[in-house]
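Okay, so here's the structure we're looking at.
These values consider heavy atoms only, across backbone and side chains, with no hydrogens, waters or symmetry-generated copies. In what follows, chains carry the letters A, B, and so on, assigned in the order in which the sequence lines appear, proteins first and then strands, with residues in each chain numbered from 1. Please read these numbers as outputs of a predicted model, since none were measured by experiment.
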Amino acid sequence: MTLAAGFFARDAVSVARGLIGAELQVDGAGGRIVETEAYDAGDPASHSFGGMTPRNAVMFGPVGRAYVYRIYGLHWCLNFVCAAEQPGSAVLIRAIEPLYGRDVMQARRGNVADRLLCSGPGRLAKALGIDAELNGAPLDGPPFAMALPATAPGIVEAVRIGISKGATTPWRFCLAGSRYLSKPV
DNA sequence: CTTCTGATTGCCT
DNA sequence: GGCAATCAGAAGA
C-alpha cells in the first residue's frame with residue numbers, strides 16, 4: 001500500500017501511529033519503522049515550541065518533507081514534517097527493523113550487531129546515510145520510498161525518551177513485540 | 001545487568 | 001555560555 005496524499009496533513013500523533021509498521025527506504029537502504037515519537041508546536045519538548053528559528057524552519061514549511069537536524073554536535077536525527085491546521089509538527093523516526101541494503105548500512109555503521117543497526121535515531125540516520133543534505137527534501141520521491149503496512153500493526157504507547165520538558169507525554173509509539181526498538185517498552 | 005562519562009557543534013538566551 | 005529528541009565504551013554490582 002502506498003502513502004495516500006494527505007497522509008502527513010494530520011496531527012503528529014496520528015502520523016506517528018500511522019507510520020508504525022511502514023516500510024521506509026532511502027536510496028535502497030532501510031526497513032520497517034518500529035518506533036516513532038510525535039512533536040507539535042504546543043509541546044514544550046518540540047523544537048517548534050516558541051516559534052520559527054533558522055534551525056526549525058522546515059517544520060513550519062510544507063508537510064511531507066524531511067526535517068533533519070544535528071543533535072549533541074555529532075548525530076543526525078530524521079523527522080517527517082506533518083500538520084493538521086497549525087504548522088510546526090513533526091514525527092521523529094526512532095528505530096527501524098533492517099530489511100534492505102544491509103551491506104551498505106553495515107558498512108556505514110562499522111559492522112555492528114544486527115539489532116543495533118538502526119535501533120535509535122542517530123543510529124538509523126547513520127545507517128541510511130541521512131545528513132543535512134536531506135533537510136527539507138520531499139518524502140514522496142527519490143531518494144525516499146515508503147509503503148504502508150497491509151494490516152494494522154499492534155502498537156504500544158510510551159513516554160518519550162531523552163527529553164526533559166514534556167517528559168510525561170505518552171507520544172512514543174512502538175511496534176508491539178519488536179526486538180529492534182531503541183529501548184524496550 | 002546498571003549507571004556514568006566523553007565526544008563535539010550549532011543554536012538560542 | 002550552556003545545552004541538546006544520542007551513542008559507545010568503561011566501570012561497577
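- Residues A/L128 and A/L19 are members of one and the same hydrophobic cluster, defined by side-chain heavy-atom contacts under 4.5 angstrom among Ile, Leu, Val, Met, Phe, Trp and Tyr.
- A/I155 and A/I33 fall into different hydrophobic clusters, where Ile, Leu, Val, Met, Phe, Trp and Tyr are joined by side-chain heavy atoms under 4.5 Å apart, directly or via other members.
- Regarding A/L78, its CG atom lies at a distance of 14 Å from the P atom of C/dT6, rounded to whole Å.
- In this model, the phosphate group of C/dC7 is not approached by any side-chain N or O of A/R109 to a distance below 4.0 Å at OP1 or OP2.
- With rounding to whole Å, A/H47 atom NE2 is found 16 Å from C/dC3 atom P.
- Rounded to the nearest 0.5 angstrom, A/I130 CD1 and A/F144 CZ are separated by 5.0 Å.
- Nearer to the 5' terminus of DNA chain C, by closest-nucleotide assignment, is the contact made by A/I161 (compared with the other of A/I161 and A/V112).
- Whole-Å rounding puts the A/N111 CG to C/dA8 P distance at 13 Å.
- Stretches of at least 3 consecutive Watson-Crick or G-U wobble pairs, with each checked distance under 3.5 Å, appear in DNA chain B as B:1-7 with C:6-12, B:9-12 with C:1-4.
- In this entry the distance linking CG of A/L124 with P of C/dA5 reads 16 Å, nearest Å.
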message: Using a 4.0 Å heavy-atom cut-off to protein, can you give one letter per nucleotide of nucleotides 7-13 of chain B, 5' to 3': B if the base is in contact, S if only the sugar-phosphate is, - if neither?
response: BBB-SS-
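- Looking at which nucleotide of DNA chain C each of A/G120 and A/S164 is closest to, the 5′-most match is held by A/S164.
- A/V63 is not connected to A/M52 by any chain of hydrophobic side-chain contacts under 4.5 Å among Ile, Leu, Val, Met, Phe, Trp and Tyr, and they are in different clusters.
- To the nearest whole angstrom, the two C1' atoms, one in B/dG10 and one in C/dA8, are 23 Å apart.
- Note: CG (A/L181) to C1' (C/dT6) measures 17 Å, nearest angstrom.
- Atom SG of A/C118 sits about 9.0 Å away from atom CZ of A/R102, to the nearest 0.5 Å.
- A/R160 comes within 4.0 angstrom of no nucleic acid atom, judged by non-hydrogen atoms across all strands.
- A/F8 pairs in a side-chain contact (heavy atoms from CB on, under 4.5 Å) with only one of the listed residues (A/D140, A/L139, A/V91), which is A/L139.
- The distance between atom CZ of A/F173 and atom P of C/dA5, rounded to the nearest whole Å, is 18 Å.
- If you take CG of A/L116 and P of C/dA8, they are 7 Å apart, rounded to a whole angstrom.
- Of the options A/R160, A/E157, A/R94, a side-chain contact (heavy atoms from CB on, under 4.5 Å) to A/F173 is made by A/E157 and by none of the others.
- For A/Y180 and A/D114, the side-chain atoms include at least one donor-acceptor pair closer than 3.5 Å.
- A/L181 and A/I163 sit in two unconnected hydrophobic clusters of ILVMFWY residues. Membership requires side-chain heavy atoms under 4.5 Å apart, directly or through other members.
- The distance between atom CD1 of A/I163 and atom C1' of C/dC3, rounded to the nearest whole Å, is 15 Å.
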